[in-house]
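Quick note: residue numbers are just sequence positions, from 1.
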Amino acid sequence: MRRRIIALSISIPLVLAGSSLIEAQQFLESSTGRLPVFNEYSSQVAIADVDGDGDLDLCFANGRGFASASLAERVRLYINNGNAVFTDESLNRLGNLIGYGRDVEFGDVDGDGDLDLAVANDFLTPQKLLINNGSGFFTDESATRIPQFNMSSSHCCFGDIDDDGDLDLWFTRGGSTRFGSGQAQLWINDGNGFYTNGTAQRLPQQNVSAPMDSIFGDLDGDLDLDMIEGHRDGNSKLYINEGGIFTDATSGNLPADSNTYSYDLGDLDGDGDLDVIGANSGIGSREAIFQNDGNATFTNVTATVLPNSSNPNIDDNDTKFLDYDDDGDLDVVICAIGGPERMLRNNGSGFLTLVGGTISSVNDSSLDVEVGDLDADGDLDMVTAQGESGSYRNRLYLNQGPAIDTRPPTIPYWEQLTDVLVGAGPQRVRAVIRDDMTSDHGAFFQQVIIEWSTGAQFGPVPMSWSGHDLYRGLIPDPGFSTTVTYRIRAIDFAGNSFTTSERSYDVGIPQSIFRRGDVNDDGDRNIADAVGALSYLFGGGTAPGCLDSVDCNDDGTNDISDAVSLLDYLFQSGTQPPDPFECGPDPTDDPISCELTQGSCL
C-alpha cells in the first residue's frame with residue numbers, strides 16, 4: 001500500500017537467527033481452501049460480523065496502483081461459515097463497489113444495531129458509505145449521506161468525537177494521490193447516519209503531507225477520543241479532543257518520526273494508558289515505541305524496550321497488539337514487504353523480544369494485518385492484505401495453540417456519575433473496555449452492558465461502541481428520588497466475563513443544593529428560616545443560598561414583610577408566598593413537588 005518493495009539489508013534467516021527465543025510454529029498459513037483467490041491489490045483488511053450470525057467476516061479494500069492509478073478493483077466481502085471457511089459474496093452484498101480502495105472500516109452509523117461500511121478511496125475519487133440492512137446486505141448511499149467531492153484518502157475511522165451517541169467519520173486526505181498534501185476531513189453524524197462537513201469548525205486548518213494512517217483513542221484519560229495521524233513524510237500529528245474540537249498538540253508531546261506507515265495503540269506496559277507503536281517510524285525502516293505518561297505526552301523508549309536485535313531494518317507496513325501467549329500482556333505482530341510476518345513477545349513490562357518460528361514463513365508483500373478468532377476456537381488468528389508486488393495473494397493464518405483466551409476483559413477506567421435532580425433525564429456513562437487484542441475497532445465482545453438498580457435487582461442497558469476501546473451507555477431516569485447503583489459488565493469473544501465494582505449516585509435534591517424557603521439550608525422550613533431571613537435583612541447575618549427566597553411576598557424588596565409572610569405561611573396557614581414555594585402561575589402549586597421538578601432557585 002505504502003511504498004515500492006526495496007532490497008533488504010538483512011536476510012530473513014539472519015533476523016531469525018539473531019532472535020533470543022525460538023518457538024514452535026503457532027500461526028499456520030491456511031489460505032488454501034479457506035480464503036478465495038482474486039489476486040487483487042489489497043491495501044487493508046477489516047474483520048467484523050457483518051451479517052450478525054456471531055462469527056467474524058472479512059472485507060478487503062482493493063485498487064491497483066502505487067503512485068498513480070492503474071486499475072480500479074472491487075471491494076471484497078468474504079462471509080465466514082463459522083469455521084474460517086470464507087465465501088466471496090462481494091457482488092451480492094456490496095453491489096458494484098469498484099474503485100481505488102485504501103481502507104475499509106465498519107461502524108453502526110444509523111443506530112439500528114448493525115455494522116455499516118465506510119471506504120477510503122485514492123486518486124481524487126469520491127469516498128463511500130454503505131448502509132447495512134441488518135443481514136449483511138449493503139446499499140451504497142454515499143451520495144446522500146456524506147459530503148461528495150473527489151479526494152485522495154489512505155485511511156478512515158469511526159468515532160463519537162462530540163459525545164452525542166453517534167459515530168462521526170475521519171478521513172485522511174492527501175493531494176492528487178494519498179502521497180500529496182491535504183487537509184484531514186472530519187464529518188459529523190446527525191444521529192441518523194447523515195453527515196455534514198465539520199472540518200473547518202473542529203480541526204486545525206493545516207495541510208499535512210502523505211497521511212497514511214489515522215487512529216482514534218483516549219490518549220489523555222478523559223474518556224473522549226483523541227487522534228493520531230501517521231505520515232509517510234514524517235511530521236505525524238497528535239490532536240487532542242476538547243469538547244469535540246481538536247487542537248494540534250504534537251509539539252512537545254509526540255516524538256519525531258521518520259517514515260510512518262501505521263500507528264497502533266495499546267497498553268504495552270500495563271499502566272492503564274495507551275502507548276503507541278509505529279511501523280517504520282524509527283531510524284531507517286524500524287518500528288518505534290512511544291510511551292504515554294497518561295496525559296498524552298509520549299516519550300520515545302524504542303532503544304530501551306525494543307533493541308535493534310529485535311527490531312531489524314525491514315520494509316514493515318503494519319502492526320497489531322495481541323496477547324498471543326495468553327499471559328495477560330500485549331505482544332506485537334508485524335507485517336512486512338518481502339519477508340515473513342514477525343512476532344514480538346512482551347515480558348509484562350513493555351520490553352519486546354523478537355521470537356522466531358511462531359508464524360509460517362511466507363515471503364510476500366503484506367500491507368496490513370488484522371487479528372480475531374476466525375474459527376471460534378478461543379484463540380486469535382491473523383489475516384494479511386497483499387499489494388504493491390508479487391501475486392497479491394491475501395493470507396489466512398490459523399492459530400494452532402496451545403494458548404487460548406482464558407482471561408477476561410479489563411475496564412481500566414470508567415465514569416463516576418454525580419448526583420442529579422429528578423427529571424434530569426438519562427445519565428451517560430463512558431468506559432474504556434479492553435481485551436487481548438487491538439484494532440481500529442478495538443476488541444471483539446459478545447456483550448457490553450451497564451447493570452443498574454434502585455433496589456436489589458439489577459437491570460441491563462446496552463453500551464454502544466464509541467471508537468477504539470471507548471464505550472458509551474445511558475442509565476434511564478428512574479423518575480423519583482432514589483439512589484442509583486450501577487456497574488459495567490463485558491463478555492469477550494471467547495466468553496470470558498468481567499464485572500466492575502459498584503458505583504452510585506443520588507437522584508433528587510442533593511443536600512448541597514439550596515431549597516427555596518429553606519433559608520438556613522437545614523433541610524426543613526420552620527421558624528429558623530424566618531429568623532435567618534430577618535438576620536440577613538436587618539442584622540447583617542450570612543446571606544442565604546438564594547437571595548430571592550427572602551422576598552417572600554414578591555414585591556421586589558427584601559424587608560420585614562417577607563419574614564412576616566413566611567411566618568404566616570409556615571405556621572398560620574396563610575396565603576402561600578409566591579417566592580419561596582410557587583414554581584409557576586398556579587397559586588396552588590405544591591411546594592415540595594414544584595421544588596423537585598423545577599428547582600427554580602437552583
Side-chain angles (χ1 to χ4, degrees), residues 1-27 29 212-213 230 232 234 236 255-264 266 268 275-291 300-322 324-325 329-347 349-371 382 384-390 395 397:
M1 169 179 130
R2 301 170 173 98
R3 70 176 183 179
R4 292 178 293 271
I5 189 168
I6 60 173
L8 301 180
S9 59
I10 303 176
S11 69
I12 296 303
L14 280 177
V15 171
L16 297 181
S19 169
S20 62
L21 184 64
I22 304 294
E23 292 192 346
Q25 188 175 90
Q26 183 171 338
F27 294 90
E29 205 284 332
M212 293 289 99
D213 196 18
R232 183 174 179 261
S236 295
D257 60 348
S258 60
N259 196 27
T260 297
Y261 294 165
S262 77
Y263 277 132
D264 286 288
L268 189 63
D275 308 303
V276 176
I277 184 168
N280 267 287
S281 297
I283 298 173
S285 292
R286 302 179 190 272
E287 275 57 75
I289 305 293
F290 302 155
Q291 188 178 73
N300 191 334
V301 296
T302 309
T304 302
V305 305
L306 184 57
N308 283 349
S309 59
S310 291
N311 193 14
N313 190 345
I314 297 176
D315 189 7
D316 299 324
N317 276 263
D318 193 31
T319 62
K320 287 294 178 296
F321 290 103
L322 76 162
Y324 85 99
D325 50 5
D329 55 43
L330 290 178
D331 313 298
V332 178
V333 62
I334 304 170
C335 72
I337 289 182
E341 327 311 347
R342 309 193 304 280
M343 186 70 73
L344 300 174
R345 171 181 275 180
N346 190 340
N347 74 343
S349 300
F351 185 89
L352 298 170
T353 303
L354 180 66
V355 292
T358 58
I359 309 171
S360 294
S361 181
V362 180
N363 293 334
D364 51 17
S365 297
S366 300
L367 302 180
D368 189 42
V369 59
E370 297 288 341
V371 298
M382 297 182 193
T384 61
Q386 308 295 317
E388 293 191 26
S389 62
R395 303 282 181 182
Y397 297 88

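Between the side chain of Asn311 and the backbone N or O of Glu287 there is at least one donor-acceptor pair closer than 3.5 Å. Without hydrogens or angle criteria, Asn300 side chain to Pro255 main chain gives no donor-acceptor distance under 3.5 Å. Under a 3.5 Å cut-off, the side chain of Asn346 and the backbone N or O of Leu330 do form a donor-acceptor pair. Counting only distance, with no hydrogens or angles, the side chain of Asn313 and the backbone of Ser285 share a donor-acceptor pair below 3.5 Å. Distance alone, capped at 3.5 Å, places no donor-acceptor pair between the Ser310 side chain and the Thr353 backbone. Remark: the backbone N or O of Arg342 is not paired with any side-chain donor or acceptor of Thr358 at under 3.5 angstrom. Here the side chain of Asn280 pairs a donor or acceptor atom with the backbone of Asp316 at under 3.5 angstrom. In this structure a side-chain-to-backbone donor-acceptor pair under 3.5 Å is present from Thr302 to Ile289. A donor-acceptor pair under 3.5 Å is absent between the side-chain atoms of Glu370 and the main chain of Met382, judged by distance alone.
When Ile359, Leu344, Val355 are each tested for a side-chain contact (heavy atoms from CB on, under 4.5 Å) with Tyr324, only one passes: Val355. Screening Asp329, Asp275, Ile277, Val333 for a side-chain contact (heavy atoms from CB on, under 4.5 Å) with Phe321, the sole residue that qualifies is Ile277.
To the nearest 0.5 Å, the span separating CZ on Phe27 from CE on Met343 amounts to 4.0 Å. Note that the CD atom of Gln386 and the CZ atom of Arg395 stand 6.5 Å from one another [nearest 0.5 Å]. Taken to the nearest 0.5 Å, the SG atom of Cys335 stands 6.0 Å off from the CG atom of Asn317. Taking OG of Ser360 as the reference point, atom CD of Glu341 lies at 10.0 Å (rounded to 0.5 Å). Asp318 contributes atom CG, which lies 4.5 Å from atom CG of Asp368 (distance to the nearest 0.5 angstrom). To the nearest 0.5 angstrom, Asp257 atom CG is 6.0 Å from Phe290 atom CZ.
Residues Ser262 and Thr319 approach most closely at OG-N, 3.8 Å, considering heavy atoms. Shown here for Ser281 and Ala288, the closest heavy-atom pair between the two residues is CB-CB, 3.7 Å. Between Pro307 and Leu352, the shortest heavy-atom distance links the atoms CD-O, 4.1 Å. The two atoms that bring Gly278 and Tyr263 nearest to each other are CA-CD2, 3.5 Å, heavy atoms only. Of all non-hydrogen atoms in Ser258 and Gly282, the two that sit nearest each other are OG-O, 2.7 Å. Smallest separation of non-hydrogen atoms from Ala336 and Pro340: CB-O, 4.4 Å.
Looking at residues two or more places apart in sequence or on another chain, you find a salt bridge (charged side-chain N to carboxylate O under 4.0 Å, His left out) between Asp264 and Lys320.
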task = Begin with the C-alpha distance, continue with both residues' side-chain angles, and end with the deciding distance and a verdict on side-chain hydrogen bond (donor to acceptor under 3.5 Å, both in side chains) for Ser366 and Asp364.
result = CA-CA 6 Å; Ser366 300; Asp364 51 17; 3.2 Å; yes
query = Does the side chain to side chain contact (heavy atoms under 4.5 Å, CB included) test come out yes or no for Tyr261 and Asp315, once each step is laid out?
reply = CA-CA 10 Å; Tyr261 294 165; Asp315 189 7; 3.7 Å; yes
key: Residues Asp331, Asp325; criterion side chain to side chain contact (heavy atoms under 4.5 Å, CB included); working and verdict   = CA-CA 8 Å; Asp331 313 298; Asp325 50 5; 3.0 Å; yes
